[in-house]
Q: 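For reference, the structure I am asking about is given below.
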Amino acid sequence: MEQKYSPKEIEQKWQSIWENEKTFKVSADGNKPKYYLLEMFPYPSGRIHMGHVRNYSIGDVIGRFKRMRGFNVMHPMGWDAFGMPAENAAIQNKSHPATWTHENIAYMRNQIKKMGFSYDWDRELATCDLDYYRWEQKLFLEMFAKGLAYKKTSFVNWCPKCETVLANEQVEDGGCWRCDSEVNQKELDQWFFRITDYAEELLENTFKLPGWPERVLVMQRNWIGKSFGCEIDFPVENSSQSIRVFTTRQDTVFGATFMSLAPEHPRALELTTTERRDEVAGFIDKIRKTDRIKRTADDFEKEGVFTGSYCTNPLTGARMPIFLANFVLMDYGTGAVMAVPSHDQRDFEFAKKYNLPFKVVIQPAGTFLDPLTMSEAYTEAGIMTNSGQFDGQQSNDAKEAIADFLQARNKGAKTVNFRLRDWGISRQRYWGNPIPVIYCGYCGVVPVPEADLPVVLPKDVAFSGEGGSPLARMDSFVHCSCPVCGKAARRETDTMDTFVQSSWYFLRFCCPDFNSGILDRDSVDYWMSVDQYIGGIEHAVLHLLYARFFTKVMRDLGHISADEPFINLLTQGMVIKDGAKMSKSKGNVVDPDALISKYGADTARLFSLFAAPPEKDLDWNDQGVEGSFRFLSRIWKLVHDRLDMIQGARPLDAGSLSAEERALRRAVHKTIRKVSEDLEERFHFNTAIASVMELLNILQPAALSTPQFPAIMKEALQSVILLMAPFVPHITEELWQRLGNSEHLTQIAWPDYDRSAVVDEELLVVVQVNGKLRSKITVAAGTSEDELKTLSLADEKVAQFIEGLTVRKVICVQGKLVNIVAG
RNA sequence: GCCCGAAUGGUGGAACUGGUAGACACAAGGGACUUAAAAUCCCUCGGCGGCAACGCUAUGCCGGUUCAAUUCCGGCUUCGGGCACCA
């Protein structure tokens, strides 16, 4: 048997054994607790990168560990296969997105298989496959029937480079999340999902997800952006109508001296007097031409125009001029804002510019605000002043009181507002799921009847690379007859956002072959929710919010029982090299293929798990990889060196061991305990591996010439193999077999530590004087506190430090530490 | 501006509910083996002082609580992330 560790053959050997025996195939099983483990599925971009290696290595350790712990582990893998890169590549290479995508999937599947991950490949799915997207179309129609999918004309984010609409969540810092081009606004008729219907529950449940990282929950809460406030009506002068505003600062109503409307406000022109009409219309036109992203930038100059009309402050009766202001947004609140120059910075700047009145209604404790000398708005809480009956109250208390006051007089109502917008899902691209809708000149928007599903994405399209989606130019696709009246009609040519597919793939993994409906409820209810989800933090709001939304929609449509998709979420850090994220443009990428062929998959897995805890960024280091390979070689060599001894070992008699033998065995069982805790309780893979390294440092030089030593070594090395099995499955399977075991390691249970073996016989106690370490003493386990004190005070080194001092107090920490307080 | 994180040797990191700071690994230096190299094995490795035993000092900075603080509290600094004319 060869002595040198050569990963190539053994990895191939075990991967084909697992594949042939379908070791990781699972089905519902009432006898075992289920465990649904999922990593965010990849986009088939071409080749896997180190981020994937890390993500899936983390998942695989958990999966293999849970399996050894007796769980029925479902661990699927699939492809988020629709999307723009395929289309762009097709235009460039004059091929077809489907071809490009399927070739990439084939290549990446092979790469992933070479890593030895324990996936149930029978559940593999690709979202571009008809058997996936047809059910999504049905789901769309169900949502349409419930009003959860609807069409509206609005200003939407438009990426000129990708030539498509983007959701709010896909605009990052004013740029496209994919290509970083500057996003502008376009008024279009588009499909939306009514995620705002679920704003309250999505927010509420962030407080019921203890298995999620707090920062992800905080990001989602901020994104949903619930604020409590008041809607207040301001009667328009010489009119029976009023303007409704939303405010969170009803405590400042007495300080409102004018009104600001969004330029897009539907009543803007109606409120404009004849003599001001030209100026106002000019302003509205100018704002319309200004890009929304620029206009809403923080440092954009505040600007407005007077409409010539006035309204009345419902609490003070003051006459308030009505302005249009460029910083007021139509799609938040009511599109109208009561302006309080003394207590809002934007209103302050606006009022300075247009010479509008200031009125202080909240005074901070200690100082006195004078509207004439203020250099900025005072936006904090304070004591109410100039506010009639509310004077003297704390402004925070007055919020409630004023809201009640207004509500009682029918002048306003308490309300909440959300920052979250509905999810725009129309994409003017080819490589996506067609929205199953028909437009008829007589019947309007008509859903494609269920019997006519699926709307198949046609393959034979021409890609010109310009002028929008090729679907729109394809007559055979566009022209159809209306399902209601039979007259000539047009088919919707927009496709759905690819985030729609990733919002429910985890449900479909529960029943990937089910083809008589969207989901097989029994299977889904058995497996859901996902017990552990793992992926990058970049999806904190996007995918993770959409997936939560879809889960609730599916529940309300009667397809599933779960409320939340993911019970526990692990967000792994990025892979960094030379101080920057790995990327082609920076030239700091490490190719997984090269790594596997040089060191093997086990080394790649081990390093990515050892170098950093999973949630932190991982600094890639080629010498560190070398070190991981060295460690595996040491295990390999040690097992082979002791093979003869182990095979001749008699059964262990744990009751009759010498002190040295007990010490060795104690190290083994303490390691089992440590690794078990690190995996079970906190996913501290790096410290788990470190503790096995420590054990190996003890076992390697160990050589006792006692009769029981072979049995101890056998137990020790078997333990090392079992403990390392989730991390490095190939080398451990091979060594397990070479030790003479006939069963595969994948069938073996996780080891338990022997409670009597880990009990210390002697303890090292540190002795401090006034909190400083002065001596260390070794005592027998079970030494009493009094005895420990006596021993400490009698210690030679300690004596030097307490000489001439009075011992005031002696603190004992059982089996660990003695602190002598002297002065 | 608001809201989250984080900061420990030359480097990645460890220290779990306050109790030996620096586990484990990488790098570096020295040595053994070798004709030589690679591989492997052994030793040293926060700073300052000392031949040494050992002492002092040290977890971004300043202060506090405590017998005892990397850990808890208050105030800063720097870096990273999220949100942002959201009324």
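Everything numeric in this text was worked out from a predicted model, so none of it was measured. Naming: A, B, ... by sequence-line order, numbering from 1 per chain.
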Q: Using heavy atoms to find the nearest nucleotide of RNA chain B for T687(A) and R630(A) separately, return the residue whose nucleotide is more 5′.
A: T687(A)
Q: Looking at C41(B), I'd like to know if its phosphate oxygens (OP1 or OP2) sit under 4.0 Å from a side-chain N or O belonging to Q700(A).
A: yes
Q: Please give the nucleotide sitting opposite G1(B) as a Watson-Crick or G-U wobble pair, both distances under 3.5 Å, or none.
A: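 Checking every strand shown, G1(B) finds its partner in C83(B), with both distances under 3.5 Å.
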Q: Calculate the interatomic distance between Q220(A) atom CD and C83(B) atom C1'; express it in whole Å.
A: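 Interatomic distance, CD of Q220(A) to C1' of C83(B): 14 Å.
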Q: Within the 4.0 Å heavy-atom criterion, would you say F801(A) contacts the bases, only the backbone, or no part of the nucleic acid?
A: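 It contacts sugar-phosphate atoms only.
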Q: Looking for any heavy atom pair under 4.0 Å, which part of the strands does R808(A) touch: base, sugar-phosphate only, or nothing?
A: nothing
Q: For L606(A) and C24(B), what is the distance between atoms CG and C1' respectively, to the nearest whole Å?
A: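 The answer, rounded to whole Å, is 12 Å.
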Q: With C1' as the reference atom in both, quote the distance from G60(B) to G80(B) in angstrom, rounded to an integer.
A: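 After rounding to an integer number of Å, I get 15 Å for this pair.
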Q: Does the ring center of F629(A) lie less than 6.0 Å from the ring center of Y5(A)?
A: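 Yes, close enough.
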Q: What's the CD-C1' distance between E694(A) and A15(B), to the nearest Å?
A: 12 Å
Q: Please work out if N697(A) contacts a base, only the sugar-phosphate, or nothing of the nucleic acid, heavy-atom cut-off 4.0 Å.
A: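 Since only primed, P, OP1 and OP2 atoms lie under 4.0 Å of N697(A), the category is sugar-phosphate.
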Q: Look through every strand shown and name the nucleotide pairing with U70(B) as Watson-Crick or G-U wobble, where both distances are under 3.5 Å.
A: none
Q: Rounded to whole angstrom units, what separation is found between the NZ atom of K674(A) and the C1' atom of A14(B)?
A: 8 Å
Q: If you measure from the P atom in G9(B) to the same atom in C4(B), how many Å do you get, rounded?
A: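 Looking at atom P only, G9(B) and C4(B) are 27 Å apart.
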Q: If we take the C1' atom in both G49(B) and C33(B), what is their distance in whole Å?
A: 38 Å
Q: Would you please classify the geometry between the F350(A) ring and the F258(A) ring as parallel, tilted or perpendicular, with 30° and 60° separating the classes?
A: parallel
Q: Could you tell me how far apart F631(A) (CZ) and C24(B) (C1') are, to the nearest whole angstrom?
A: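 It is 10 Å, rounded to the nearest whole Å.
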Q: May I have the distance from K302(A) (atom NZ) to C86(B) (atom P), rounded to whole angstrom?
A: 9 Å
Q: Tell me if the centroids of the rings in F610(A) and F727(A) come within less than 6.0 Å of each other.
A: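 No, too far apart.
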Q: Using the P atoms only, state how far U77(B) lies from C26(B), rounded to an integer number of Å.
A: 40 Å
Q: With a 4.0 Å cutoff (strictly under), does any side-chain N or O of R774(A) reach OP1 or OP2 of A68(B)?
A: no
Q: Relative to the 5' end of RNA chain B, which residue comes earlier, I537(A) or D678(A), by the nucleotide with the nearest heavy atom?
A: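 Final value for this comparison: D678(A).
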Q: So which nucleotide does U40(B) pair with, by the Watson-Crick or G-U wobble rule with both distances under 3.5 Å?
A: A32(B)
Q: Base, sugar-phosphate, or nothing for G627(A), non-hydrogen atoms under 4.0 angstrom?
A: sugar-phosphate
Q: For U57(B), does OP1 or OP2 lie under 4.0 Å from any side-chain N or O of K772(A)?
A: yes
Q: Figure out the CZ/P separation between R215(A) and G81(B), and round it to whole Å.
A: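 Going from R215(A) (CZ) to G81(B) (P), I get 11 Å.
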Q: Find the partner of U65(B): check Watson-Crick (N1-N3 plus N6-O4 or O6-N4) and G-U wobble (N1-O2, O6-N3) distances, both under 3.5 Å, and reply none if neither fits.
A: none
Q: Ignoring hydrogens and angles, are the base of C83(B) and the side chain of N222(A) linked by a donor-acceptor pair under 3.5 Å?
A: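 By the distance-only test, no, there is no pair.
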Q: Using the ring centroid of each side chain, check whether W177(A) and F499(A) are separated by less than 6.0 Å.
A: yes
Q: Does CD in Q814(A) sit with more than 12 non-hydrogen atoms of other residues, nucleotides or ligands closer than 6.0 Å?
A: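 Result for CD/Q814(A): open.
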Q: Inspect the surroundings of CZ in R288(A) and state if more than 12 heavy atoms from other residues, nucleotides or ligands are less than 6.0 Å away.
A: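 Check fails, neighbour count at 12 or below.
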Q: At less than 4.0 Å, is any side-chain N or O atom of N686(A) found next to OP1 or OP2 of A23(B)? Yes or no.
A: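 It does not, given that no N or O in the side chain of N686(A) lies less than 4.0 Å from OP1 or OP2 of A23(B).
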Q: Tell me the partner of U77(B), counting only Watson-Crick (N1-N3 plus N6-O4 or O6-N4) or G-U wobble (N1-O2 and O6-N3) with both under 3.5 Å; none if nothing fits.
A: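 Paired with U77(B), as far as the under-3.5 Å criterion goes, is A7(B).
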Q: Could you give the CG-to-P distance, from N770(A) to A68(B), as a whole number of Å?
A: 8 Å
Q: Check whether any side-chain nitrogen or oxygen of R346(A) sits under 4.0 Å from OP1 or OP2 of C86(B), and answer yes or no.
A: yes
Q: As a test of understanding, state which of L570(A), L569(A), T206(A), N568(A) forms a side-chain contact (heavy atoms from CB on, under 4.5 Å) with W212(A).
A: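 Running side-chain contact (heavy atoms from CB on, under 4.5 Å) over L570(A), L569(A), T206(A), N568(A) with W212(A) returns exactly one hit, L569(A).
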Q: My understanding is that a pair needs two contacts under 3.5 Å, Watson-Crick or G-U wobble. By that rule, which nucleotide pairs with U20(B)?
A: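 By the stated definition (distances under 3.5 Å), nothing pairs with U20(B).
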Q: Can you check whether K776(A) has a side-chain N or O nearer than 4.0 Å to OP1 or OP2 of U20(B)?
A: no
